[in-house]
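Comments concern the structure below.
So you know, we letter chains A, B, ... as the sequences are listed, proteins then strands, and number each from 1.
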Protein chains: 2
Amino acid sequence: MSSPRRADAVRNRALALEAATALLSEPGATLTVEAIAARSGLGAGTVVRAFGGKDALIDAAVAALLAPVVARAGELAASKAPGEALRAFLAELMDFQAAHHGLSAGLDGLDLPGTTARRADLEAAVGDLIARAQRDGELRDDLPVGALTVLIGRTAFAVARDGSPELSAAYLTVLFAGLSPVHGR
Amino acid sequence: MSSPRRADAVRNRALALEAATALLSEPGATLTVEAIAARSGLGAGTVVRAFGGKDALIDAAVAALLAPVVARAGELAASKAPGEALRAFLAELMDFQAAHHGLSAGLDGLDLPGTTARRADLEAAVGDLIARAQRDGELRDDLPVGALTVLIGRTAFAVARDGSPELSAAYLTVLFAGLSPVHGR
DNA sequence: GCTAAACTGGAATCCGTATTCCAGTTGAGT
DNA sequence: ACTCAACTGGAATACGGATTCCAGTTTAGC
(Lines give C-alpha, C1' and ligand atoms only; values in the text may rest on other atoms or scores of the structure.)
Protein backbone atom coordinates (compact mmCIF):
# COMPACT_ATOMS: atom_id res chain seq x y z
CA MET A 1 0.00 0.00 0.00
CA SER A 2 2.92 2.29 0.46
CA SER A 3 4.74 3.85 -2.45
CA PRO A 4 6.76 1.34 -4.48
CA ARG A 5 10.30 2.42 -3.73
CA ARG A 6 13.35 1.16 -5.47
CA ALA A 7 15.79 -1.07 -3.68
CA ASP A 8 18.77 1.25 -4.09
CA ALA A 9 16.80 4.13 -2.66
CA VAL A 10 16.00 2.11 0.41
CA ARG A 11 19.60 1.09 0.80
CA ASN A 12 20.88 4.64 0.41
CA ARG A 13 18.37 5.85 2.91
CA ALA A 14 19.84 3.42 5.39
CA LEU A 15 23.37 4.49 4.54
CA ALA A 16 22.55 8.13 5.06
CA LEU A 17 20.90 7.38 8.38
CA GLU A 18 23.84 5.33 9.51
CA ALA A 19 26.33 8.03 8.62
CA ALA A 20 24.24 10.65 10.40
CA THR A 21 23.98 8.62 13.60
CA ALA A 22 27.72 7.96 13.48
CA LEU A 23 28.54 11.64 13.16
CA LEU A 24 26.04 12.50 15.86
CA SER A 25 27.91 10.21 18.22
CA GLU A 26 31.33 11.62 17.51
CA PRO A 27 32.90 14.31 19.69
CA GLY A 28 33.46 17.30 17.47
CA ALA A 29 31.88 16.18 14.23
CA THR A 30 30.61 18.81 11.84
CA LEU A 31 27.23 17.36 10.95
CA THR A 32 26.90 19.09 7.60
CA VAL A 33 25.23 17.51 4.62
CA GLU A 34 28.59 17.31 2.94
CA ALA A 35 30.13 15.48 5.88
CA ILE A 36 27.29 13.00 5.92
CA ALA A 37 27.64 12.53 2.19
CA ALA A 38 31.37 11.91 2.48
CA ARG A 39 30.93 9.48 5.34
CA SER A 40 28.23 7.52 3.57
CA GLY A 41 29.78 7.60 0.11
CA LEU A 42 26.65 9.18 -1.31
CA GLY A 43 26.16 12.44 -3.14
CA ALA A 44 24.92 15.49 -1.28
CA GLY A 45 21.65 15.53 -3.16
CA THR A 46 20.93 11.94 -2.30
CA VAL A 47 21.54 12.54 1.37
CA VAL A 48 19.16 15.46 1.45
CA ARG A 49 16.50 13.63 -0.52
CA ALA A 50 16.68 10.50 1.60
CA PHE A 51 14.44 11.90 4.31
CA GLY A 52 13.21 15.02 2.57
CA GLY A 53 15.67 17.50 4.00
CA LYS A 54 18.56 17.62 6.39
CA ASP A 55 16.46 18.34 9.44
CA ALA A 56 14.29 15.29 8.93
CA LEU A 57 17.39 13.17 8.53
CA ILE A 58 18.84 14.42 11.80
CA ASP A 59 15.53 13.85 13.51
CA ALA A 60 15.50 10.29 12.26
CA ALA A 61 19.07 9.74 13.41
CA VAL A 62 18.30 11.06 16.87
CA ALA A 63 15.26 8.84 17.06
CA ALA A 64 17.32 5.84 16.01
CA LEU A 65 19.79 6.54 18.79
CA LEU A 66 17.35 7.34 21.57
CA ALA A 67 14.55 4.89 20.91
CA PRO A 68 16.48 1.91 22.34
CA VAL A 69 17.32 3.91 25.43
CA VAL A 70 13.70 4.77 26.04
CA ALA A 71 12.72 1.17 25.42
CA ARG A 72 15.31 0.04 27.92
CA ALA A 73 13.78 2.25 30.57
CA GLY A 74 10.47 0.51 30.01
CA GLU A 75 12.06 -2.90 30.23
CA LEU A 76 13.76 -2.11 33.50
CA ALA A 77 10.60 -0.63 34.94
CA ALA A 78 8.80 -3.87 34.15
CA SER A 79 11.44 -6.28 35.34
CA LYS A 80 13.10 -4.83 38.41
CA ALA A 81 12.21 -3.38 41.77
CA PRO A 82 11.61 0.37 41.42
CA GLY A 83 14.72 1.60 43.20
CA GLU A 84 16.94 -0.87 41.46
CA ALA A 85 15.38 -0.11 38.08
CA LEU A 86 16.19 3.59 38.42
CA ARG A 87 19.69 2.90 39.59
CA ALA A 88 20.38 0.45 36.78
CA PHE A 89 18.91 2.72 34.16
CA LEU A 90 21.03 5.67 35.14
CA ALA A 91 24.15 3.54 35.17
CA GLU A 92 23.32 2.29 31.70
CA LEU A 93 22.56 5.79 30.53
CA MET A 94 26.05 6.83 31.59
CA ASP A 95 27.53 3.96 29.64
CA PHE A 96 25.45 4.82 26.64
CA GLN A 97 26.65 8.38 26.71
CA ALA A 98 30.23 7.27 27.09
CA ALA A 99 29.81 5.09 24.03
CA HIS A 100 28.27 7.93 22.04
CA HIS A 101 30.56 10.63 23.15
CA GLY A 102 29.29 13.52 21.11
CA LEU A 103 25.62 12.85 21.48
CA SER A 104 24.47 15.19 24.18
CA ALA A 105 26.83 17.91 23.03
CA GLY A 106 25.30 17.76 19.59
CA LEU A 107 21.83 17.25 20.94
CA ASP A 108 21.29 20.49 22.71
CA GLY A 109 21.66 23.18 20.19
CA LEU A 110 19.29 21.23 17.99
CA ASP A 111 15.78 22.56 17.96
CA LEU A 112 14.05 20.12 15.67
CA PRO A 113 10.57 18.69 16.13
CA GLY A 114 11.52 15.03 16.20
CA THR A 115 14.54 15.60 18.37
CA THR A 116 12.48 17.52 20.88
CA ALA A 117 9.86 14.79 20.88
CA ARG A 118 12.45 12.05 21.46
CA ARG A 119 13.94 13.97 24.30
CA ALA A 120 10.50 14.37 25.80
CA ASP A 121 9.98 10.61 25.48
CA LEU A 122 13.17 9.99 27.37
CA GLU A 123 12.27 12.46 30.04
CA ALA A 124 8.87 10.83 30.43
CA ALA A 125 10.46 7.41 30.78
CA VAL A 126 12.83 8.66 33.45
CA GLY A 127 9.95 10.40 35.17
CA ASP A 128 8.12 7.11 35.30
CA LEU A 129 11.09 5.32 36.87
CA ILE A 130 11.40 8.09 39.41
CA ALA A 131 7.72 8.09 40.27
CA ARG A 132 7.79 4.34 40.86
CA ALA A 133 10.87 4.54 43.03
CA GLN A 134 9.42 7.37 45.04
CA ARG A 135 6.09 5.58 45.51
CA ASP A 136 8.05 2.60 46.70
CA GLY A 137 9.78 4.66 49.37
CA GLU A 138 13.17 4.44 47.72
CA LEU A 139 13.49 8.16 47.14
CA ARG A 140 13.00 11.15 49.36
CA ASP A 141 9.44 12.37 49.04
CA ASP A 142 9.94 15.95 50.08
CA LEU A 143 10.57 16.95 46.48
CA PRO A 144 8.07 16.74 43.63
CA VAL A 145 8.54 14.08 40.99
CA GLY A 146 8.56 16.71 38.29
CA ALA A 147 11.49 18.52 39.82
CA LEU A 148 13.44 15.32 40.27
CA THR A 149 12.75 14.29 36.71
CA VAL A 150 14.04 17.48 35.19
CA LEU A 151 16.86 17.59 37.69
CA ILE A 152 18.11 14.12 36.91
CA GLY A 153 17.51 14.42 33.20
CA ARG A 154 19.49 17.60 32.90
CA THR A 155 22.34 16.65 35.14
CA ALA A 156 22.77 13.15 33.79
CA PHE A 157 23.23 14.47 30.28
CA ALA A 158 25.50 17.26 31.40
CA VAL A 159 27.75 14.99 33.38
CA ALA A 160 28.00 12.28 30.77
CA ARG A 161 28.83 14.79 28.08
CA ASP A 162 32.53 14.11 28.07
CA GLY A 163 32.14 10.59 29.22
CA SER A 164 34.70 10.12 31.93
CA PRO A 165 33.82 6.95 33.83
CA GLU A 166 35.18 8.33 37.10
CA LEU A 167 33.05 11.41 36.77
CA SER A 168 29.97 9.36 36.00
CA ALA A 169 30.61 7.16 39.00
CA ALA A 170 31.07 10.17 41.26
CA TYR A 171 27.87 11.64 39.92
CA LEU A 172 25.84 8.53 40.63
CA THR A 173 27.28 8.30 44.11
CA VAL A 174 26.43 11.88 44.98
CA LEU A 175 23.07 11.74 43.29
CA PHE A 176 21.82 8.66 45.08
CA ALA A 177 23.20 9.81 48.38
CA GLY A 178 21.29 13.04 47.88
CA LEU A 179 18.13 11.27 46.82
CA SER A 180 18.11 8.83 49.68
CA PRO A 181 15.01 9.14 51.87
CA VAL A 182 16.82 8.40 55.17
CA HIS A 183 18.55 11.69 54.74
CA GLY A 184 15.47 13.77 53.95
CA ARG A 185 14.52 14.85 57.47
CA MET B 1 50.00 56.07 26.41
CA SER B 2 47.50 53.90 24.63
CA SER B 3 46.24 54.75 21.18
CA PRO B 4 44.34 58.04 21.11
CA ARG B 5 40.80 56.89 20.43
CA ARG B 6 37.93 59.14 19.71
CA ALA B 7 35.20 59.63 22.25
CA ASP B 8 32.42 58.39 19.99
CA ALA B 9 34.34 55.23 19.25
CA VAL B 10 34.68 54.53 22.95
CA ARG B 11 31.00 55.14 23.49
CA ASN B 12 29.97 52.91 20.63
CA ARG B 13 32.25 50.19 21.85
CA ALA B 14 30.40 50.30 25.14
CA LEU B 15 27.03 50.28 23.37
CA ALA B 16 27.99 47.24 21.33
CA LEU B 17 29.21 45.43 24.40
CA GLU B 18 26.07 46.24 26.30
CA ALA B 19 23.84 45.02 23.50
CA ALA B 20 25.85 41.81 23.20
CA THR B 21 25.64 41.04 26.91
CA ALA B 22 21.93 41.78 26.87
CA LEU B 23 21.33 39.38 23.99
CA LEU B 24 23.54 36.79 25.62
CA SER B 25 21.32 36.89 28.67
CA GLU B 26 18.07 36.52 26.80
CA PRO B 27 16.40 33.14 26.32
CA GLY B 28 16.22 32.52 22.61
CA ALA B 29 18.11 35.51 21.25
CA THR B 30 19.76 35.20 17.88
CA LEU B 31 23.13 36.74 18.62
CA THR B 32 23.92 37.79 15.06
CA VAL B 33 25.83 40.92 14.21
CA GLU B 34 22.69 42.37 12.76
CA ALA B 35 20.76 41.69 15.95
CA ILE B 36 23.43 43.34 18.04
CA ALA B 37 23.47 46.29 15.65
CA ALA B 38 19.71 46.67 15.88
CA ARG B 39 19.72 46.42 19.65
CA SER B 40 22.49 48.97 20.04
CA GLY B 41 21.31 51.36 17.36
CA LEU B 42 24.67 51.09 15.59
CA GLY B 43 25.48 49.97 12.08
CA ALA B 44 26.68 46.45 11.45
CA GLY B 45 30.12 47.59 10.45
CA THR B 46 30.57 49.55 13.62
CA VAL B 47 29.60 46.60 15.75
CA VAL B 48 32.09 44.33 14.04
CA ARG B 49 34.88 46.90 14.22
CA ALA B 50 34.32 47.70 17.88
CA PHE B 51 36.30 44.72 19.09
CA GLY B 52 37.88 43.63 15.84
CA GLY B 53 35.40 40.96 14.87
CA LYS B 54 32.26 39.34 16.15
CA ASP B 55 34.03 36.63 18.07
CA ALA B 56 36.11 39.07 20.08
CA LEU B 57 32.98 41.01 20.90
CA ILE B 58 31.23 37.92 22.20
CA ASP B 59 34.30 36.99 24.19
CA ALA B 60 34.30 40.43 25.76
CA ALA B 61 30.60 40.18 26.56
CA VAL B 62 31.05 36.80 28.20
CA ALA B 63 33.94 38.14 30.23
CA ALA B 64 31.87 41.11 31.31
CA LEU B 65 29.15 38.79 32.54
CA LEU B 66 31.28 36.17 34.24
CA ALA B 67 34.02 38.28 35.80
CA PRO B 68 31.81 39.52 38.66
CA VAL B 69 30.71 35.97 39.37
CA VAL B 70 34.28 34.76 39.62
CA ALA B 71 35.15 37.73 41.80
CA ARG B 72 32.23 36.93 44.06
CA ALA B 73 33.55 33.41 44.60
CA GLY B 74 36.82 34.90 45.80
CA GLU B 75 35.03 37.26 48.13
CA LEU B 76 33.02 34.50 49.71
CA ALA B 77 36.07 32.30 50.06
CA ALA B 78 37.78 35.08 51.95
CA SER B 79 34.91 36.09 54.17
CA LYS B 80 32.97 32.99 55.16
CA ALA B 81 33.55 29.58 56.61
CA PRO B 82 34.37 27.10 53.82
CA GLY B 83 31.14 25.13 53.86
CA GLU B 84 29.02 28.20 54.09
CA ALA B 85 30.98 29.94 51.35
CA LEU B 86 30.33 27.09 48.93
CA ARG B 87 26.68 26.94 49.84
CA ALA B 88 26.23 30.68 49.48
CA PHE B 89 28.08 30.81 46.22
CA LEU B 90 26.00 28.10 44.60
CA ALA B 91 22.81 29.76 45.76
CA GLU B 92 23.97 33.03 44.26
CA LEU B 93 25.00 31.29 41.09
CA MET B 94 21.47 29.98 40.73
CA ASP B 95 20.11 33.47 41.16
CA PHE B 96 22.54 34.83 38.67
CA GLN B 97 21.51 32.28 36.11
CA ALA B 98 17.87 32.99 36.76
CA ALA B 99 18.54 36.65 36.14
CA HIS B 100 20.41 35.91 32.92
CA HIS B 101 18.12 33.34 31.54
CA GLY B 102 19.76 32.60 28.24
CA LEU B 103 23.33 32.64 29.39
CA SER B 104 24.25 29.02 29.83
CA ALA B 105 22.20 27.97 26.85
CA GLY B 106 24.08 30.39 24.69
CA LEU B 107 27.36 29.68 26.41
CA ASP B 108 27.86 26.10 25.47
CA GLY B 109 27.92 25.92 21.77
CA LEU B 110 30.42 28.76 21.85
CA ASP B 111 33.96 27.65 21.29
CA LEU B 112 35.83 30.93 21.55
CA PRO B 113 39.14 31.50 23.27
CA GLY B 114 38.03 34.14 25.74
CA THR B 115 34.82 32.33 26.55
CA THR B 116 36.68 29.13 27.23
CA ALA B 117 39.14 30.98 29.44
CA ARG B 118 36.38 32.66 31.44
CA ARG B 119 34.68 29.36 31.95
CA ALA B 120 37.94 27.89 33.15
CA ASP B 121 38.31 30.79 35.58
CA LEU B 122 34.90 30.08 36.98
CA GLU B 123 35.60 26.40 37.28
CA ALA B 124 38.87 27.14 39.08
CA ALA B 125 37.08 29.42 41.51
CA VAL B 126 34.48 26.78 42.26
CA GLY B 127 37.24 24.21 42.63
CA ASP B 128 38.86 26.38 45.21
CA LEU B 129 35.66 26.71 47.20
CA ILE B 130 35.19 22.97 47.06
CA ALA B 131 38.76 22.20 48.09
CA ARG B 132 38.44 24.48 51.10
CA ALA B 133 35.15 22.98 52.16
CA GLN B 134 36.47 19.49 51.77
CA ARG B 135 39.63 20.30 53.73
CA ASP B 136 37.41 21.66 56.42
CA GLY B 137 35.49 18.41 56.67
CA GLU B 138 32.30 19.88 55.27
CA LEU B 139 32.24 17.64 52.23
CA ARG B 140 32.61 13.94 51.77
CA ASP B 141 36.25 13.11 51.13
CA ASP B 142 35.80 9.84 49.29
CA LEU B 143 35.62 11.66 45.97
CA PRO B 144 38.42 13.69 44.39
CA VAL B 145 38.12 17.46 44.32
CA GLY B 146 38.53 17.46 40.58
CA ALA B 147 35.54 15.21 40.05
CA LEU B 148 33.40 17.28 42.39
CA THR B 149 34.43 20.47 40.65
CA VAL B 150 33.48 19.30 37.22
CA LEU B 151 30.42 17.61 38.59
CA ILE B 152 29.10 20.69 40.31
CA GLY B 153 30.13 23.02 37.54
CA ARG B 154 28.32 21.05 34.90
CA THR B 155 25.21 20.30 36.82
CA ALA B 156 24.78 23.77 38.26
CA PHE B 157 24.78 25.27 34.79
CA ALA B 158 22.53 22.59 33.40
CA VAL B 159 19.97 22.97 36.14
CA ALA B 160 19.89 26.72 36.13
CA ARG B 161 19.48 26.83 32.38
CA ASP B 162 15.79 27.47 32.42
CA GLY B 163 15.86 29.21 35.73
CA SER B 164 12.99 27.77 37.70
CA PRO B 165 13.52 28.70 41.35
CA GLU B 166 11.87 25.49 42.54
CA LEU B 167 14.18 23.41 40.43
CA SER B 168 17.22 25.27 41.65
CA ALA B 169 16.13 24.80 45.24
CA ALA B 170 15.57 21.09 44.69
CA TYR B 171 18.97 20.82 43.08
CA LEU B 172 20.76 22.46 45.98
CA THR B 173 18.91 20.27 48.45
CA VAL B 174 19.82 17.06 46.66
CA LEU B 175 23.34 18.19 45.94
CA PHE B 176 24.25 19.07 49.49
CA ALA B 177 22.56 16.02 50.88
CA GLY B 178 24.65 13.98 48.48
CA LEU B 179 27.82 15.83 49.33
CA SER B 180 27.39 15.59 53.05
CA PRO B 181 30.24 13.71 54.72
CA VAL B 182 28.07 12.00 57.36
CA HIS B 183 26.57 10.02 54.54
CA GLY B 184 29.80 8.93 52.94
CA ARG B 185 30.49 5.70 54.80
C1' DG C 1 36.37 77.90 12.26
C1' DC C 2 39.42 74.93 9.62
C1' DT C 3 41.53 70.71 8.49
C1' DA C 4 43.21 66.11 8.69
C1' DA C 5 42.38 61.90 10.50
C1' DA C 6 39.28 58.83 12.74
C1' DC C 7 35.03 56.99 12.55
C1' DT C 8 30.26 55.71 10.86
C1' DG C 9 26.22 53.48 8.34
C1' DG C 10 24.93 50.36 5.35
C1' DA C 11 25.55 48.51 0.76
C1' DA C 12 28.41 45.26 -1.60
C1' DT C 13 31.03 41.17 -1.07
C1' DC C 14 32.39 36.83 0.51
C1' DC C 15 31.77 32.36 2.63
C1' DG C 16 29.75 28.23 4.35
C1' DT C 17 26.02 25.38 3.93
C1' DA C 18 21.33 23.53 2.47
C1' DT C 19 18.53 22.87 -1.50
C1' DT C 20 17.38 22.33 -6.35
C1' DC C 21 18.20 21.00 -10.87
C1' DC C 22 19.43 18.07 -14.66
C1' DA C 23 21.96 14.95 -17.63
C1' DG C 24 23.11 10.46 -17.01
C1' DT C 25 22.36 5.82 -14.77
C1' DT C 26 20.11 2.06 -12.69
C1' DG C 27 16.23 -0.96 -11.26
C1' DA C 28 11.92 -3.29 -12.29
C1' DG C 29 8.34 -4.77 -15.08
C1' DT C 30 7.39 -7.07 -19.52
C1' DA D 1 16.72 -7.44 -24.06
C1' DC D 2 13.93 -3.25 -23.91
C1' DT D 3 11.76 0.61 -21.95
C1' DC D 4 10.66 4.07 -18.82
C1' DA D 5 10.19 5.86 -14.43
C1' DA D 6 12.85 6.30 -10.34
C1' DC D 7 16.95 7.55 -8.76
C1' DT D 8 21.82 9.40 -8.49
C1' DG D 9 26.00 12.54 -8.33
C1' DG D 10 27.47 16.79 -8.22
C1' DA D 11 27.24 21.38 -10.27
C1' DA D 12 24.46 25.46 -9.94
C1' DT D 13 21.61 28.11 -7.01
C1' DA D 14 19.73 30.13 -2.79
C1' DC D 15 20.41 31.91 1.47
C1' DG D 16 21.91 33.52 5.99
C1' DG D 17 25.30 35.81 8.17
C1' DA D 18 30.17 37.93 8.86
C1' DT D 19 33.35 41.04 6.90
C1' DT D 20 34.97 44.76 3.95
C1' DC D 21 34.60 48.93 1.56
C1' DC D 22 33.70 53.68 0.78
C1' DA D 23 31.36 58.14 0.52
C1' DG D 24 29.96 60.97 3.97
C1' DT D 25 30.27 62.65 8.91
C1' DT D 26 32.24 63.73 13.29
C1' DT D 27 35.98 64.62 16.43
C1' DA D 28 40.24 66.74 18.06
C1' DG D 29 43.93 69.67 17.60
C1' DC D 30 45.21 74.15 16.25
Side-chain angles (χ1 to χ4, degrees), chain A residues 1-24 26 28-62 102 105-106 109-115, chain B residues 1-24 26 28-62 102 105-106 109-115:
Chain A
M1 68 180 72
S2 68
S3 53
R5 303 228 270 99
R6 267 169 47 169
D8 57 346
V10 172
R11 186 170 44 80
N12 288 340
R13 205 178 135 101
L15 285 175
L17 185 62
E18 187 179 359
T21 56
L23 287 179
L24 208 44
E26 272 173 26
T30 25
L31 210 56
T32 66
V33 166
E34 194 139 349
I36 298 171
R39 158 78 71 134
S40 62
L42 301 171
T46 306
V47 167
V48 168
R49 249 173 288 126
F51 286 76
K54 183 200 169 182
D55 287 1
L57 169 57
I58 302 297
D59 268 352
V62 170
L110 295 186
D111 186 24
L112 306 173
T115 297
Chain B
M1 70 179 70
S2 69
S3 53
R5 304 228 270 98
R6 266 170 46 171
D8 56 347
V10 173
R11 187 169 44 80
N12 287 339
R13 206 178 134 101
L15 284 174
L17 185 62
E18 187 179 0
T21 57
L23 286 179
L24 209 43
E26 273 174 23
T30 25
L31 210 57
T32 66
V33 167
E34 193 140 351
I36 299 172
R39 158 78 71 137
S40 62
L42 301 171
T46 305
V47 167
V48 168
R49 250 171 290 129
F51 285 75
K54 182 199 168 182
D55 288 359
L57 169 58
I58 302 296
D59 267 352
V62 169
L110 295 187
D111 185 23
L112 307 173
T115 297

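- The A/K54 side chain lies nearest to C/dT19 when the options are C/dT19, D/dT8, C/dC7.
- For the pair A/N12 and D/dC7, the criterion of a side-chain N or O lying under 4.0 Å from OP1 or OP2 is not met.
- In this structure, CD in B/E18 is found 6.5 Å from CG in B/L15, a value given to the nearest 0.5 Å.
- For the pair B/D8 CG and C/dA6 P, the interatomic distance rounds to 13 Å; values are reported in whole Å.
- The distance from atom CD1 of B/I58 to atom P of D/dT19 is 10 Å, rounded to the nearest whole Å.
- The side chain of B/T46 lies closest to C/dT8, out of C/dC7, C/dT8, D/dC7.
- Atom CZ in A/F51 sits about 14 Å away from atom P in D/dC7, given to the nearest Å.
- Distance CZ (A/R6) to C1' (D/dA5): 8 Å, rounded to an integer number of Å.
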Could you walk me through whether A/L17 and A/F51 pass side chain to side chain contact (heavy atoms under 4.5 Å, CB included), step by step? CA-CA 9 Å; A/L17 185 62; A/F51 286 76; 4.1 Å; yes

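- Inter-residue side-chain proximity for B/V33 and B/I36 is flagged as unmet; no heavy-atom pair is nearer than 4.5 Å.
- Distance, B/L15 CG to C/dG9 P: 10 Å, rounded to whole Å.
- Among the nucleotides C/dT20, D/dA18, D/dT8, the one closest to any side-chain atom of A/V48 is C/dT20.
- With contacts defined as side-chain heavy-atom distances shorter than 4.5 Å, the pair B/L24/B/L31 qualifies.
- To the nearest 0.5 Å, atom CG of residue A/L42 and atom CZ of residue A/R11 are 8.5 Å apart.
- A straight line from CD1 of B/I36 to C1' of C/dG9 spans 16 Å, rounded to a whole angstrom.
- Counting only heavy atoms from C-beta on, B/T32 has its side chain closest to D/dA18 among D/dA18, D/dT8, C/dA6.
- In this structure, CZ of A/R11 is placed 14 Å from C1' of D/dG9, rounded to the nearest angstrom.
- Spacing between atom CG of A/L57 and atom P of C/dT17 amounts to 16 Å, rounded to whole angstrom units.
- Distances were taken from every side-chain heavy atom of A/A7 (C-beta onward) to each of C/dA18, C/dG27, C/dT8; the shortest belongs to C/dG27.
- Relative to the side chain of A/R49, the nucleotides D/dG9, C/dT19, C/dA28 differ in distance, and D/dG9 lies closest.
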